[in-house]
2 protein chains.
Amino acid sequence: MLVKAGLECLGEGGITAFTIDNICKKAEASRGLIAHHFGSKDGLLAAVYEAAYEPMLQEVNSDPPLKFPSMLKRIFGVESYSVENLRIWLALWGEFAVNPKLRAAHQRNYGSYKAAVEAAIEEHCFAHGLKVDAAAMAASVIALADGFWLEQCIDPEGFDSARALAAAQSLLEPLLGKLEDADES
Amino acid sequence: MLVKAGLECLGEGGITAFTIDNICKKAEASRGLIAHHFGSKDGLLAAVYEAAYEPMLQEVNSDPPLKFPSMLKRIFGVESYSVENLRIWLALWGEFAVNPKLRAAHQRNYGSYKAAVEAAIEEHCFAHGLKVDAAAMAASVIALADGFWLEQCIDPEGFDSARALAAAQSLLEPLLGKLEDADES
DNA sequence: GCTCTTACTATACGAATGTTCAGCAAGGAG
DNA sequence: CTCCTTGCTGAACATTCGTATAGTAAGAGC
């Protein structure tokens with residue numbers, strides 16, 4: 001599958017390794033196939049991006065809806081902190097800043113991601129009788145996740161998802177109450 | 001100056017625009033000059049990175065040392081939130097994940113940046129009789145700054161440095177006390 | 001049987017990439 | 001004056017890039 005091969009290329013060598021040659025060699029397909037299926041390299045990149053975002057959305061969307069403490073644990077889950085994921089997303093972020101089409105797609109996805117986090121925070125506050133600005137709090141939570149994620153890119157040994165989660169919890173608990181109760185991991 | 005031209009190229013088109021042709025055209029120099037001065041394109045990129053980091057270090061290092069509340073304001077300063085700065089740094093982050101030499105340089109710089117933040121937090125806590133893990137708190141502060149910075153990349157209108165600062169303050173104040181007192185902006 | 005569509009291959013092409021290198025102009029030392 | 005260094009140029013180089021295109025193989029519809 002071309003999308004899978006594209007993801008792997010991004011994960012191995014960043015945006016520089018995302019070339020027709022590389023991808024088709026990895027997918028064991030001919031060089032023309034990308035143009036045939038996706039129109040152009042950019043078309044494939046868009047598909048690759050969607051494939052990369054899907055697991056993030058699944059992370060926060062489940063039925064029944066996650067309680068906020070469990071959602072927090074998922075957001076800071078180990079998967080996101082792998083080296084491949086790091087390279088994939090840093091490459092994509094670099095594209096967002098430059099490629100308006102891709103940025104638009106990301107805005108859409110980010111919007112629904114943030115909405116899910118916001119809803120969980122609202123539910124949490126209602127259940128515990130708290131009064132906070134859920135939208136701002138959701139932005140803060142996502143900022144913390146992304147920020148710690150960037151930090152572990154610099155220092156993969158000194159930093160891991162468990163430490164990031166703990167730090168985030170200790171920042172959030174004064175405002176949201178205890179967050180370590182597990183409903184369903 | 002080649003370094004300045006390189007920065008501008010990164011700021012305009014990300015890592016894709018960081019090519020010998022582009023840079024030399026912008027610097028009004030011949031294509032051979034980069035190899036002559038920096039050995040290779042990678043050599044120039046390293047120099048460009050250092051030039052990009054310098055203002056960040058100056059941000060937190062001053063004489064006399066900044067108090068933490070003022071430092072926080074500087075960290076969330078407007079300059080970092082410009083579109084050019086965004087593109088420059090996202091391009092560099094993408095390289096960190098892939099280029100070990102550059103990552104090593106960034107680790108070094110990040111270390112001294114974090115140390116400055118940590119020192120300010122320690123001083124703050126000592127002065128106010130607080131007891132916190134300054135190292136972890138410094139990591140959290142930096143994570144918040146970077147995370148909000150990423151978010152405003154997605155949504156430049158709905159997000160700015162003032163809002164990010166306010167959100168960070170409201171997260172930190174329960175643990176560090178009031179942070180809005182200004183000693184010297 | 002024939003034709004049309006679909007999925008895919010393989011080659012060719014021009015434009016760009018980064019690096020190498022011979023050479024040039026200027027200026028100081030002897 | 002000659003010699004040597006230094007800072008820089010610009011053409012040439014082999015690769016590699018993304019795309020376009022002609023061609024092949026398989027299958028469905030009739």
Side-chain angles (χ1 to χ4, degrees), chain A residues 1-52 87-88 90-105, chain B residues 1-52 87-88 90-105:
Chain A
M1 187 55 152
L2 287 172
V3 172
K4 183 160 155 279
L7 266 176
E8 287 176 16
C9 288
L10 279 186
E12 287 169 14
I15 198 68
T16 317
F18 192 80
T19 67
I20 304 266
D21 253 357
N22 257 344
I23 297 163
C24 290
K25 204 165 292 177
K26 192 173 284 285
E28 294 179 16
S30 74
R31 287 166 46 77
L33 198 55
I34 288 178
H36 184 260
H37 276 314
F38 300 95
S40 70
K41 200 181 84 159
D42 259 24
L44 173 62
L45 186 59
V48 165
Y49 160 74
E50 294 295 342
R87 281 205 269 250
I88 291 170
L90 283 177
L92 289 172
W93 276 101
E95 283 299 300
F96 297 155
V98 157
N99 183 331
K101 208 162 227 167
L102 212 56
R103 180 168 60 241
Chain B
M1 189 52 155
L2 286 172
V3 172
K4 182 161 156 280
L7 266 176
E8 287 176 16
C9 287
L10 279 186
E12 287 169 13
I15 199 66
T16 318
F18 193 79
T19 66
I20 304 266
D21 254 358
N22 258 344
I23 298 163
C24 291
K25 205 165 290 176
K26 191 172 285 284
E28 294 179 16
S30 74
R31 284 167 48 78
L33 198 56
I34 288 177
H36 184 259
H37 275 316
F38 299 95
S40 70
K41 200 181 83 159
D42 259 24
L44 174 62
L45 185 60
V48 164
Y49 160 74
E50 293 296 341
R87 280 205 269 248
I88 290 171
L90 283 177
L92 289 173
W93 276 101
E95 283 300 299
F96 297 155
V98 157
N99 181 332
K101 210 163 226 166
L102 212 57
R103 182 169 58 239

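All values below come from the heavy atoms of this structure, side chains included, with hydrogens, waters and symmetry mates left out.
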Among C/dT17, C/dT9, D/dC8, the one nearest B/Asp21 by side-chain distance: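 Of all the options, the side chain of B/Asp21 is nearest to C/dT17.
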Lys/Arg N to Asp/Glu carboxylate O, A/Asp42 vs A/Lys101, below 4.0 Å: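 Here A/Asp42 does not pair with A/Lys101 in a salt bridge, since their nearest N and O are not under 4.0 Å apart.
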Base of D/dT9 paired with side chain of B/Arg31 (donor-acceptor, under 3.5 Å):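 No such pair is found, so the answer is no.
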Whole-Å gap separating [atom2] ([N]) and [atom1] ([X]):
X       : N      : atom1 : atom2 : value
B/Leu33 : C/dG18 : CG    : P     : 15 Å
A/Ile23 : D/dG18 : CD1   : P     : 8 Å
A/Ile20 : D/dG18 : CD1   : C1'   : 6 Å
A/Lys41 : C/dA15 : NZ    : P     : 19 Å
A/Leu45 : D/dG18 : CG    : P     : 11 Å
A/Leu44 : D/dC17 : CG    : P     : 15 Å

Close side-chain approach of B/Phe38 to B/Leu33, heavy-atom, < 4.5 Å: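 Not in contact.
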Heavy-atom side-chain contact between A/Glu95 and A/Ile15 under 4.5 Å: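 Contact flag for A/Glu95/A/Ile15 side chains = yes.
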Flag, side chain of A/Arg87 to backbone of A/Leu10, donor-acceptor distance under 3.5 Å: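 Flag not set: sc A/Arg87 to bb A/Leu10 has no pair under 3.5 Å.
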Any side-chain N or O of [X] less than 4.0 Å from the OP1 or OP2 oxygen of [N]?
X       : N      : answer
A/Ser30 : C/dA10 : no
B/His36 : D/dT9  : no
B/His37 : D/dG7  : no

Nearest-nucleotide 5' precedence on DNA chain C, A/Glu28 against B/Ile34: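 Counting from the 5' end, the first nearest nucleotide belongs to A/Glu28.
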Touch class at under 4.0 angstrom, heavy-atom based, for B/Ala35 against every strand present: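 Here B/Ala35 touches the bases of the nucleic acid.
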